[in-house]
Amino acid sequence: MPKEPETGYDPSLGRKFIFVTGGVMSGLGKGITAASTGRLLSNAGFDVTAVKIDPYLNVDAGTMNPYQHGEVYVLKDGGEVDLDLGNYERFLGADMTSDHNVTTGKTYQHVIEKERGGDYLGQTVQIIPHITDDIKRRIREAAVGTDVCIVEVGGTVGDIEGMPYLEALRQFAHEEDDGDILFTHVTLVPYSKNGEQKTKPTQHSVKELRSIGLQPDILVGRCEDELDPETKEKIALFCDVPTEAVFSNPDVEDVYHVPLMVESEGLDEYVMERLDIDGEALPTAERDNRWRELVTRDRDTEVDIALVGKYDLEDAYMSVHEALKHAGIERRTEVNVQWVDSDEMLDRHENRLKGADGVVVPGGFGTRGIEGKLNAVEYCRENDVPFLGLCLGFQMAVVEHARNVLGLSGAHSAELDPETLHPVIDILPEQYEVEDMGGTMRLGAHDTDIESGSLAERVYGDTVCTERHRHRYEVNPEYIEELAGGALAFSGTADNRMEILERDDHPFFFGTQFHPEFRSRPDRASPPFVGFLEAVTGELDARDLGDQEVQA
Ligand code: GLN
């Protein structure tokens with residue numbers, strides 16, 4: 001796990017802060033609203049970063065079930081964090097570190113370790129001031145060197161777990177200059193049966209905020225539609241903010257359109273004015289317009305991609321889904337994702353995949369749905385359907401090859417069948433002694449060397465790539481020679497670790513031990529996803545690669 005910073009900070013750096021809280025209920029998309037505002041500020045020339053606060057006792061998201069919490073997002077430093085950090089990276093176009101995800105577990109662990117070390121010199125160690133001080137330190141340190149830091153508090157105002165954070169923010173605002181901090185509160189504005197926009201829930205949650213000493217500067221109402229002028233006036237009156245400080249956040253078809261919506265509402269301009277940085281913003285005509293161009297691009301074609309997973313919740317594969325979208329932007333292709341439950345893949349699975357132009361088998365843990373994933377791999381291999389296997393999907397491509405091409409019956413990953421006679425995927429040597437589960441996998445960004453002349457080189461346009469990892473198992477070195485003797489090749493390696501596999505008898509059969517989806521951005525689509533879409537639309541066929549080289 002990354003080391004805790006112990007250094008002091010320069011309070012003059014990281015000068016402006018936007019604190020974002022949520023009211024009424026969770027899941028309102030306040031992270032997306034905040035990230036969108038950040039995108040617009042960065043379009044206007046500011047250096048923007050973000051901190052996500054998760055008021056749970058887990059030290060990080062690494063041990064959490066994606067079924068309950070959505071995907072575990074992996075940062076380049078190996079931090080396993082909340083999926084909101086993925087949204088911040090994608091929207092802001094900036095790499096974050098684990099220091100940008102503050103959890104109760106991290107904060108308490110640090111304070112308790114210091115207490116055990118005798119650092120508090122006999123004091124009684126308490127939530128206020130010791131925990132709150134540690135929270136403030138973390139926010140300030142994450143903001144160092146940037147112009148604006150967005151701090152999003154997970155959960156809803158009033159949750160017991162969130163209290164120390166709101167108190168820390170109150171103190172923070174008290175310590176900083178007026179005008180350097182903006183409190184934004186995102187709430188739900190529901191419709192009544194007779195079609196009226198109701199402001200009572202907003203009023204109540206603002207009342208709750210004020211009872212702990214926080215007065216919001218900006219209110220954002222999540223509603224199916226834009227807020228009516230009367231709704232805005234009512235919210236302004238009862239929550240004690242100017243009417244211009246009330247914004248709508250209506251439903252949009254694509255999250256990438258939220259920055260355009262926020263811009264049309266004028267939220268970005270209002271934020272800049274209130275933080276007194278409008279004078280330093282680039283004139284409107286000179287602002288970075290790439291985002292708008294990317295997300296509103298016309299599409300020439302449309303494809304159906306099956307994503308074969310085990311979780312019933314789409315949030316569990318958020319980055320894979322986004323990476324497919326990014327590749328679609330680059331290739332001007334509309335990508336329709338079909339969610340296929342791997343449990344449905346046991347019987348007559350061909351029927352589930354028949355309509356798909358390409359198949360992705362993403363990462364995962366545990367045995368549920370494994371045979372279905374293997375069926376999906378086999379179907380792709382035998383029917384020349386473009387296939388992209390990620391982490392566990394890569395490992396299943398190895399197992400399928402061992403079983404069905406090499407005839408190693410019962411071959412498996414030792415994770416999924418510890419008794420297998422042919423553990424073609426086995427535990428990493430450094431994992432033998434590991435007992436703690438948190439933060440102990442092979443994590444974060446590592447380099448892969450790519451073989452020249454391979455499909456992988458065509459995909460990456462380079463003989464090296466750096467991608468993020470999160471795994472405990474890998475290709476067993478004892479089987480490498482046998483596995484790679486025929487049509488299958490390991491074209492990407494890191495020392496004796498197999499990182500990329502491909503087939504030369506198939507249009508596009510590509511697997512990666514790493515997770516390329518975590519580096520993918522709307523303006524920097526991930527190469528394996530782009531290559532996959534090229535194959536799906538018939539512009540790339542791995543079987544022609546050798547010929548092209550001969551011609552050249
Ligand atoms: N369960 C596999 C491993 O630990 C794959 C992990 C993943 O897909 N992220 O190696």
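Every number for a ligand or one of its atoms is a count from 1 in the order of the listing. Along the sequence shown, the residues carry numbers beginning at 1. Only this structure's heavy atoms are used, side chains among them; waters, hydrogens and symmetry mates stay out.
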With the criterion set at N/O pairs under 3.5 Å, what does the list of contacts between the protein and ligand 1 look like, atom names and distances included?
{"unit_1": "ligand 1", "atom_1": "1 (N)", "unit_2": "Gly364", "atom_2": "O", "d": "3.0"}
{"unit_1": "ligand 1", "atom_1": "1 (N)", "unit_2": "Glu415", "atom_2": "OE1", "d": "2.7"}
{"unit_1": "ligand 1", "atom_1": "1 (N)", "unit_2": "Glu415", "atom_2": "OE2", "d": "3.1"}
{"unit_1": "ligand 1", "atom_1": "4 (O)", "unit_2": "Arg472", "atom_2": "N", "d": "3.0"}
{"unit_1": "ligand 1", "atom_1": "8 (O)", "unit_2": "Gly364", "atom_2": "N", "d": "2.9"}
{"unit_1": "ligand 1", "atom_1": "8 (O)", "unit_2": "Gly364", "atom_2": "O", "d": "3.4"}
{"unit_1": "ligand 1", "atom_1": "8 (O)", "unit_2": "Leu392", "atom_2": "N", "d": "3.1"}
{"unit_1": "ligand 1", "atom_1": "9 (N)", "unit_2": "Arg470", "atom_2": "O", "d": "2.9"}
{"unit_1": "ligand 1", "atom_1": "9 (N)", "unit_2": "His515", "atom_2": "NE2", "d": "3.0"}
{"unit_1": "ligand 1", "atom_1": "10 (O)", "unit_2": "Gln395", "atom_2": "NE2", "d": "3.0"}
{"unit_1": "ligand 1", "atom_1": "10 (O)", "unit_2": "Arg472", "atom_2": "N", "d": "3.1"}
{"unit_1": "ligand 1", "atom_1": "10 (O)", "unit_2": "Tyr473", "atom_2": "N", "d": "2.8"}
{"unit_1": "ligand 1", "atom_1": "10 (O)", "unit_2": "Tyr473", "atom_2": "O", "d": "3.4"}

**OP:** Kindly write out the residues that satisfy ring pair (Phe, Tyr, Trp, His ring centres under 6.0 Å) with His412, not counting sequence neighbours, or none if the list is empty.
**Re:** none

Original post:
Does a donor on one side chain sit under 3.5 Å from an acceptor on the other, for Tyr165 and Thr104?
Top reply: yes

Subject >> NZ or CZ of Arg503 within 45° of Phe509 ring axis and under 6.0 Å >> reply: yes

Subject >> Single hit among Asp384, Asp505, Asp504 for salt bridge (Lys or Arg N to Asp or Glu O under 4.0 Å) with Arg543 >> reply: Asp384

Subject >> Set of residues satisfying side-chain hydrogen bond (donor to acceptor under 3.5 Å, both in side chains) with respect to Asn404, sequence neighbours excluded >> reply: Glu400

With a 3.5 Å cut-off and sequence neighbours excluded, list the donor-acceptor pairs that the side chains of residues 520-530 form with protein atoms.
{"unit_1": "Ser520", "atom_1": "OG", "unit_2": "His326", "atom_2": "ND1", "d": "2.7"}
{"unit_1": "Ser520", "atom_1": "OG", "unit_2": "Ser526", "atom_2": "N", "d": "3.4"}
{"unit_1": "Arg521", "atom_1": "NE", "unit_2": "Glu89", "atom_2": "O", "d": "3.3"}
{"unit_1": "Arg521", "atom_1": "NH2", "unit_2": "Asp95", "atom_2": "OD1", "d": "2.5"}
{"unit_1": "Asp523", "atom_1": "OD2", "unit_2": "Arg290", "atom_2": "NH1", "d": "3.1"}
{"unit_1": "Arg524", "atom_1": "NE", "unit_2": "Arg519", "atom_2": "O", "d": "3.3"}
{"unit_1": "Arg524", "atom_1": "NH2", "unit_2": "Arg519", "atom_2": "O", "d": "2.7"}

